[in-house]
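Beneath this line is the structure, given in structure tokens, with notes to follow.
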Amino acid sequence: MDYVSALLPPAVMATFFTALIVTIVKTQGGPNKAKEDAIVDAAFARADAGPRSGREDD
């Protein structure tokens, strides 16, 4: 019976990890892909633009 208690935590973790990977793969793309890409592109554009003109770092 000790082998069951030794194998249960890794089996549960493997099941949750597999479910996480399946969820991540299923949510890639789809109808929100263009919106997500636009948000990332806007964040990169802000980062490339440098500091704001109204703010000075002393």
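As a basis for the values below, the full set of heavy atoms in this structure was taken, side chains included, without hydrogen atoms, waters or symmetry mates.
For residues 18-40, the pairs satisfying salt bridge (charged side-chain N to carboxylate O under 4.0 Å, His left out) are Lys33-Asp37, with sequence neighbours left out.
Hydrophobic side-chain contacts under 4.5 Å tie Ile39 to no other Ile, Leu, Val, Met, Phe, Trp or Tyr residue. Residue Ile24 is found in a hydrophobic cluster whose other members, listed by chain and number, are Leu20; membership requires side-chain heavy atoms under 4.5 Å apart, directly or through intermediates. The hydrophobic cluster around Leu7 extends to none of the other residues, as no ILVMFWY side-chain heavy atom falls under 4.5 Å of it. Listed by chain and number, the hydrophobic cluster partners of Leu8 are Val12, Phe16, where partners are ILVMFWY side chains within reach of under 4.5 Å, directly or through others.
There is no path of hydrophobic side-chain contacts, each under 4.5 Å, that joins Met13 to Ile21.
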